[in-house]
Amino acid sequence: MRNVLLLLVVMGSLLVLGCENKDSKSSTDKKEPLANVPASLFQATKLTGAKEVLDVKKSANLGDSVVVHGRIAGGKEPFVSGRAIFTLADAKLPLCSEVAGDKCPTPWDLCCEPKDKLAEQTLTVEVDDAAGKPLVGTLMNVGGLAPGKSIVVKGKVTQKPSAQALIIRAEAISVGT
Amino acid sequence: MKKLRIRFLPFEHAVRNLKRSPARCIGGLLGSALVVLLMLTAAGFVRGMQSSFANTGLEDNVILVSAGSEESIERSEIDASTPNAALASIPGIKQRLNVPYVSEESHVQIEVRTTANSETGTPALIRGITPAALLVHRQVRLVDGRLPQQGSNELMLGAKVGSRMGVPEQVLTNGSTLWIDGRAWKIVGHFDAAGTVMESEIWCPLQDLQIVNKRTAYSCVVLTLGDAEFADVDAFCKQRLDLQLVAIRESTYYAALKKFFGPIRAMVWVTAILGALGGLFGGLNTMYAAFASRVRELGMLQTLGFSRRAIVANLIQESVVMASAGAILAAAIGVVFLNGVSVKFSLGVFGLSIDGPALVIGLATGLLLGMFGSLLPALRCLRMPISESLKAS
C-alpha cells in the first residue's frame with residue numbers, strides 16, 4: 001500500500017511538472033500607476049465658452065488658449081498607459097453604443113466611423129510637468145476620467161505636427177456635460 | 001506468541017512474472033508504448049505551437065500598425081513617413097553605431113510557384129524588409145548565401161519554407177528560381193529563426209515587394225525599445241492622430257495569435273485523451289484475462305500468508321514496470337523520430353517539440369496506464385474465496 005501511495009505522489013508531482021505553465025499575467029493586466037496631477041486641474045463647475053473639437057482643430061493655432069468640449073474616445077484605449085495623455089473626440093461622433101443593435105464592448109473606439117473622419121475630429125490632451133513633458137502615470141480614473149466620458153478642457157495648443165494632429169496642454173478639466 | 005507479520009511481495013517477483021508469458025508482456029509493452037506515443041505527439045504539437053509563437057514575439061519590440069488592424073498585420077497600411085516621424089519623436093529607441101533599430105516592413109500573402117507553368121501555387125507570407133530587420137528580429141540568423149539585393153528580384157528563404165510549400169529542399173537551394181506574380185525570383189540565401197513563425201516566411205527587399213504589390217504604404221514598423229518605454233511609443237501614436245497608428249508589443253501580438261489557436265490545441269488534447277482512454281479500457285480487458293488465468297497462483301499466495309493488499313500491490317508493480325518500459329520506448333521513438341517534424345498551419349509551419357514537459361506528460365501517462373490498467377482486474381480476481389481459487393483450473 002505504501003508503494004502505491006509513493007507511486008501516486010510521484011505521479012502527481014510529474015503531472016504538476018508536466019502541466020502547461022499558466023500564461024503569466026501580461027503587462028496590461030498590471031495595475032497602472034495613476035498620474036499625480038495638480039489639485040487645481042479638476043474643476044467642480046463646468047467650464048464655459050467651450051467649442052467642439054472639430055471647430056477647435058479648424059481654427060486654433062500654435063500657442064492659442066482654447067476651451068474644448070468633447071468625449072474621451074477615438075480608440076480601444078484612448079488613455080496612454082503610463083503617461084498623462086488621452087484622446088478627445090468630437091461629441092457629435094456617435095459612440096458605438098448609440099448605434100441601434102451595436103453591442104461593441106468598447107463603444108468609445110468609434111470603429112463605425114471612417115478612419116479619416118476620426119483623425120479629423122479627434123485631438124490629443126496632455127497634462128504636463130513643469131518641464132513641459134507629460135506626467136508619468138495614467139489619467140484613467142483620475143478625477144472621474146474614463147473612456148466615453150464627456151468633458152471640457154481648457155488649455156494651450158502646444159503642438160500642431162500636421163493639419164490633422166493637435167495637442168493641447170490641459171490647465172483645467174471639468175467632467176460631465 | 002508474537003504475531004507473524006507478512007510484508008509485501010518482493011519486487012523481483014513482479015519482474016520475474018513478466019517473463020512467464022513473453023508474448024503477453026511484449027503485447028502489453030507495445031500497447032502502452034502506442035498510447036504514450038499518442039500523448040507525446042499531442043504534447044509535442046501543443047508545445048511546438050506555443051513555443052513558435054512565444055519565441056516570435058520579443059518583449060522589447062513594438063509594432064506600429066494602422067488603427068483597426070491590430071489583429072492582422074497583413075491588413076494594415078501605414079504612411080511611409082511613419083519611420084522617420086517615430087525616430088524623431090520617440091527618444092530612446094535602441095541604436096547600434098548610430099543605426100536605429102527601426103524596421104519598416106510589408107507583409108503580403110502571395111501565391112508562389114516553383115515553375116513558370118505551374119497551374120497552382122502555394123500561398124506564402126512574403127515579408128519586404130530593409131537591412132534593419134536583422135537588427136530588430138534578433139532571432140534571425142543567415143545560415144547560407146547573402147541578403148537579397150534591391151532591384152534584382154532576389155529572395156531569402158526561411159528554414160521551413162520547403163515544408164510550408166510541400167517541396168523538397170533541393171528545389172529551394174541558392175540559385176534556384178521561384179515564380180511570384182508572373183516573374184522569376186532568384187533564391188540567394190537562407191535563414192533560420194529559432195523556431196519562430198518567421199522560419200516559414202520568404203523575405204525580399206521592401207521596395208521590390210512594394211512594386212509587386214503596387215502600393216507605397218508599409219504594413220508596419222517594428223522598433224526596438226532601448227531607454228524608451230512602451231508608453232513613449234503609445235504616446236507618439238496618440239499625439240500623431242493624423243498617422244492613425246496603434247502601438248502593440250510584439251509579444252502581445254503573438255500572444256493574441258496563440259490564443260486564437262487555443263481551441264485547436266484543446267481539440268488535440270481531447271483527441272489524445274480519448275485515444276488514451278480507449279487504450280486503457282482495451283488494456284483492462286487484456287489484464288482481466290491475464291489475471292484470471294493466475295487465480296490459483298493468487299490463491300496460493302494468500303494461503304502462504306500474503307495479504308490481498310500485498311498481492312494487489314505486486315500486480316500493480318508488474319503492470320507499472322511493463323507500462324513504464326513501453327513509455328520509455330515511446331519516449332525514445334518520440335525524441336528520435338518525432339522531435340522537429342514540421343506541421344503546417346495557416347500562419348506557417350512549426351516543429352513538434354518533444355521537450356522536457358512533453359516527455360514528463362508521456363511518462364506520467366505510462367505510469368497512470370500501468371496503475372489503473374491493473375487495479376480493477378487485480379481487485380476482481382482477489383474477490384474469489386481462497387478455497388475456490390485453489391480449485392480453479
Side-chain angles (χ1 to χ4, degrees), chain A residues 1-5 7-8 10-21 23 26-28 32 57 74-89 109-111 115-116 118-126 133-134 136-138 158-167, chain B residues 8 11 43 46-47 50 54 59 66-68 70 77 81 85 88-89 229-247 249 251-252 255-256 258-259 265 269 307 309-310 312-314 316-317 320 356-368 370-371 375:
Chain A
M1 195 58 187
R2 246 184 292 162
N3 289 345
V4 173
L5 281 171
L7 266 168
L8 275 170
V10 167
M11 241 168 38
S13 313
L14 285 169
L15 278 170
V16 164
L17 282 170
C19 278
E20 289 178 25
N21 284 326
D23 283 338
S26 68
S27 55
T28 52
E32 293 281 355
K57 283 191 82 172
K76 280 194 180 128
E77 293 178 10
F79 291 92
V80 172
S81 56
R83 297 289 182 271
I85 301 173
F86 59 86
T87 54
L88 195 70
D109 62 10
L110 304 177
C111 54
K115 282 195 279 192
D116 288 344
L118 205 55
E120 198 184 40
Q121 298 190 37
T122 44
L123 54 77
T124 311
V125 177
E126 293 182 0
K133 292 207 179 315
V136 172
T138 182
T158 53
Q159 293 180 61
K160 202 171 178 184
S162 72
Q164 286 194 328
L166 189 90
I167 301 170
Chain B
F8 288 99
F11 183 73
V46 169
R47 298 283 303 166
Q50 284 184 319
E59 192 63 26
S66 62
E70 294 92 312
E77 277 194 27
S81 64
S89 307
E229 295 176 351
F230 176 77
D232 298 318
V233 187
D234 196 17
F236 163 72
C237 294
K238 289 184 169 68
Q239 287 167 335
R240 292 299 305 269
L241 294 172
D242 54 320
L243 296 174
Q244 299 170 23
L245 298 170
V246 167
R249 280 191 194 272
S251 52
T252 306
K258 185 176 101 170
K259 202 173 163 186
R265 292 197 301 276
W269 277 126
S307 68
R309 269 192 292 176
V312 166
N314 198 251
I316 289 175
Q317 281 173 352
V320 165
L359 285 171
V360 167
I361 290 171
L363 294 171
T365 304
L367 281 175
L368 276 170
M371 281 199 59
L375 185 64

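Just so we're on the same page: letters track the sequence lines, and every chain starts at 1.
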Taking side chain as everything from C-beta outward and backbone as N, CA, C, O, which of these in F11(B) sits under 4.5 Å from a heavy atom of chain A? Side chain, backbone, both or neither.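 Neither part, no heavy atoms under 4.5 Å.
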Could you tell me which portion of T87(A) (side chain, backbone, both or neither) has an atom closer than 4.5 angstrom to a non-hydrogen atom of chain B?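 Looking at T87(A), just its side chain touches chain B.
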Under 4.5 Å heavy-atom distance to chain B, tell me which part of E120(A) shows up: side chain, backbone, both or neither.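 E120(A) has no heavy atom closer than 4.5 Å to chain B.
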Does either side chain, that of Q239(B) or that of T124(A), offer a donor lying less than 3.5 Å from an acceptor on the other one?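 Side chains of Q239(B) and T124(A): no pair found under 3.5 Å.
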Please answer whether the main-chain N or O of V233(B) pairs with a side-chain N or O of K238(B) as donor and acceptor at a distance below 3.5 Å.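 Looks like no, no N/O pair under 3.5 Å.
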So, the side chain of K57(A) versus the backbone of T122(A): is there a donor-acceptor pair under 3.5 Å, distance only?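 Yes, K57(A) side chain to T122(A) backbone: donor-acceptor pair under 3.5 Å.
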Looking at K115(A), I want to see if its NZ is surrounded by more than 12 non-hydrogen atoms of other residues, nucleotides or ligands under 6.0 Å.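 Yes - once you tally the heavy atoms of other residues, nucleotides and ligands closer than 6.0 Å, there are more than 12.
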Could you tell me which of D109(A), L118(A), D116(A) has the largest number of non-hydrogen atom pairs under 4.5 Å with chain B?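 Heavy-atom pair counts peak at D116(A).
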